[in-house]
2 protein chains.
Amino acid sequence: MNLSIAEENHIKSIYKLQEGDAVVTTNALAYELDTKPASVTDMAKKLKEKKLIEYEKYKGITLSADGRKAALQIVRRHRLWECFLVDKLSFSWEEVHELAEELEHVRSEKLTNRLSEFLGNPVIDPHGDPIPDANGKLAKPRPQTSLDQANAKRLVVTAVSDQSTALLAFLNAKGIKLGTQLEIVAHYEYDNSIEIKVKGQPAITISEQVAKNIMVRPV
Amino acid sequence: MNLSIAEENHIKSIYKLQEGDAVVTTNALAYELDTKPASVTDMAKKLKEKKLIEYEKYKGITLSADGRKAALQIVRRHRLWECFLVDKLSFSWEEVHELAEELEHVRSEKLTNRLSEFLGNPVIDPHGDPIPDANGKLAKPRPQTSLDQANAKRLVVTAVSDQSTALLAFLNAKGIKLGTQLEIVAHYEYDNSIEIKVKGQPAITISEQVAKNIMVRPV
DNA sequence: TTTATTATTTAGATTTGTCTAAATAATATT
DNA sequence: AATATTATTTAGACAAATCTAAATAATAAA
């Protein structure tokens with residue numbers, strides 16, 4: 001199956017929005033892809049034709065088995081390139097997404113597998129997201145919650161769920177990155193803020209809004 | 001200037017065919033790009049509009065200063081990726097061209113420069129072709145001739161000018177690659193063949209046709 | 001220098017991926 | 001349940017990159 005870049009991007013976004021089982025809505029997909037609902041409908045017809053999605057008019061979209069397989073390949077390539085950019089070319093955390101967005105479309109299994117090997121077959125990418133293996137198998141993610149819902153006091157940052165440049169840059173400025181250890185000092189209900197302390201730095205206060213996007217696990 | 005992949009491919013091929021100064025012909029460019037002359041004419045109009053080429057109806061094509069600059073950027077990216085694939089991912093000589101053909105279209109100066117640095121700022125690629133630096137400057141290639149015109153008896157392979165998969169695979173099978181040292185045993189005029197001996201291997205006979213595409217310098 | 005051949009361009013069509021505006025279906029509200 | 005709102009699809013258009021077939025220009029041959 002030879003997919004165009006546009007097709008790959010749609011498959012990837014459907015995968016992202018589906019989160020397990022949920023049906024993906026035309027509007028949501030259009031928003032995610034920064035395009036128009038009418039365009040999504042067009043593409044849905046094509047992808048249904050290719051048997052990559054299940055789709056009935058007005059009923060939303062889900063990936064077929066083949067579609068899921070394709071999506072995992074794309075995600076694998078994306079996350080491996082992110083590893084490469086961060087580990088080997090010293091890009092920072094928040095810079096790599098856009099570049100990986102382009103590199104992921106070089107569809108060569110041999111290249112992908114050699115790259116993986118070169119990187120030491122990593123199982124999570126710089127954002128903490130798991131990397132599918134050559135068969136599309138995902139390592140089960142370690143138990144993690146968003147920072148605003150964490151119980152434990154001592155935590156490690158494992159991922160950032162919102163990949164907006166703004167947030168990533170903000171965190172970077174605060175000295176927070178993947179693997180950063182932090183402590184919850186206090187959680188103020190009355191103004192929805194959380195006071196945290198990053199190892200070796202003065203305590204800072206962040207909003208629950210931001211904390212929602214920071215994934216952590218107990219250390 | 002934001003170029004599409006199709007535009008970049010045209011610019012690159014014009015650069016390749018131009019070889020210094022020569023005017024590039026519509027037909028030659030169509031052949032090189034595996035497309036039709038009519039399509040080349042269409043693209044020529046567009047590239048002229050963008051001031052990347054000089055072009056007058058029926059008069060052929062040459063790169064403008066801007067066009068040459070763009071071409072060198074593309075060539076730089078192509079050759080750096082080839083280095084990466086061979087040096088870091090252990091691809092063989094003849095496998096890398098097609099992959100680099102895709103990777104070269106990721107247009108990020110930062111990525112390109114980081115990649116170069118990561119590779120130790122190489123000045124020639126695995127085919128022996130010089131890599132333009134960040135300013136588009138080409139290291140002057142060392143004195144080399146094609147194997148069929150070599151005077152010296154002991155030679156090193158520095159490049160292969162025809163990058164067809166068939167030829168590269170053929171050479172690989174014969175144990176000839178970049179840096180291979182060989183000796184000319186005899187040059188038979190009457191059947192246009194050359195007998196050569198690769199270090200540590202029995203002598204073999206190749207046609208002048210093939211020898212024309214193997215670049216060598218005296219060792 | 002005519003004529004034949006080859007090279008190049010034009011005209012018009014096609015495919016892919018997108019869009020806007022209008023029509024229709026699904027859902028929510030009164 | 002009738003109506004209003006929102007979501008989705010259809011119809012028709014457009015731009016990019018390509019193609020084929022026909023027309024025209026340049027070059028080679030007679």
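Note that the structure is predicted; figures quoted are calculated from it, not measured. Just so it is clear: chains get the letters A, B, ... in the order the sequence lines come, proteins before strands, and each one is counted from 1.
Checking the phosphate oxygens (OP1, OP2) of C/dA7, no side-chain nitrogen or oxygen of B/T25 falls inside 4.0 Å.
In this structure, B/K88 forms no cation-pi arrangement with A/F84, as its terminal cationic atom is not both closer than 6.0 Å to the ring centre and no more than 45° off the ring axis.
When rounded to the nearest whole Å, the span between CD of A/E8 and P of C/dT16 equals 16 Å. With rounding to whole Å, A/M43 atom CE is found 9 Å from C/dT18 atom C1'. Remark: C1' of D/dA7 and CG of A/L29 are 14 Å apart, rounded to the nearest angstrom. Spacing between atom NE2 of A/H10 and atom C1' of C/dT16 amounts to 12 Å, rounded to whole angstrom units. Counting to the nearest Å, the P atom of C/dA26 and the CG atom of A/N27 are 15 Å from each other. When the C1' atom of D/dT8 is taken as reference, atom NZ of A/K45 falls 11 Å away, rounded to whole Å. The nearest whole Å value for the distance from the CG atom in B/D42 to the C1' atom in C/dT14 is 13 Å. When rounded to the nearest whole Å, the span between NZ of A/K48 and P of D/dT9 equals 11 Å.
For B/K110, the side-chain contact (heavy atoms from CB on, under 4.5 Å) partners at least two apart in sequence or on another chain are A/F91, A/E95, B/S108, B/R114. Partners of B/Y188 according to the side-chain contact (heavy atoms from CB on, under 4.5 Å) rule, which considers only residues two or more places apart in sequence or in another chain, are B/A186, B/Y190, B/D191, B/S193, B/E195.
A/S64 and A/D66 are not linked by any side-chain donor-acceptor pair at a separation below 3.5 angstrom, with hydrogens and angles left out of the test. Residues B/R76 and B/N135 have side chains that never bring a donor and an acceptor to within less than 3.5 angstrom of each other. A side-chain N or O of B/T158 and one of B/Q144 form a donor-acceptor pair less than 3.5 Å apart.
Scanning residues 32-40 of chain B for heavy-atom distances under 4.0 Å to DNA chain D yields B/T35, B/K36, B/A38, B/S39. Near-neighbour residues of DNA chain D inside residues 51-62 of chain A, defined by a heavy atom below 4.0 Å, number-ordered: A/Y55, A/K57, A/Y58.
For NZ of B/K50, the number of neighbouring non-hydrogen atoms (other residues, nucleotides, ligands) closer than 6.0 Å is greater than 12.
Counting non-hydrogen atoms under 4.0 angstrom, A/T41 reaches a base of the nucleic acid.
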List the atom pairs, donor and acceptor, that lie under 3.5 Å between side-chain atoms in residues 24-38 of chain A and the rest of the protein, sequence neighbours left out.
residue, atom, partner, partner atom, Å
A/E32, OE2, A/K16, NZ, 3.3

Show me the donor-acceptor pairs within less than 3.5 Å that the side chains of residues 208-215 of chain B make with the rest of the protein, sequence neighbours left out.
residue, atom, partner, partner atom, Å
B/E208, OE2, B/H187, NE2, 2.9
B/N213, OD1, B/S161, OG, 3.2

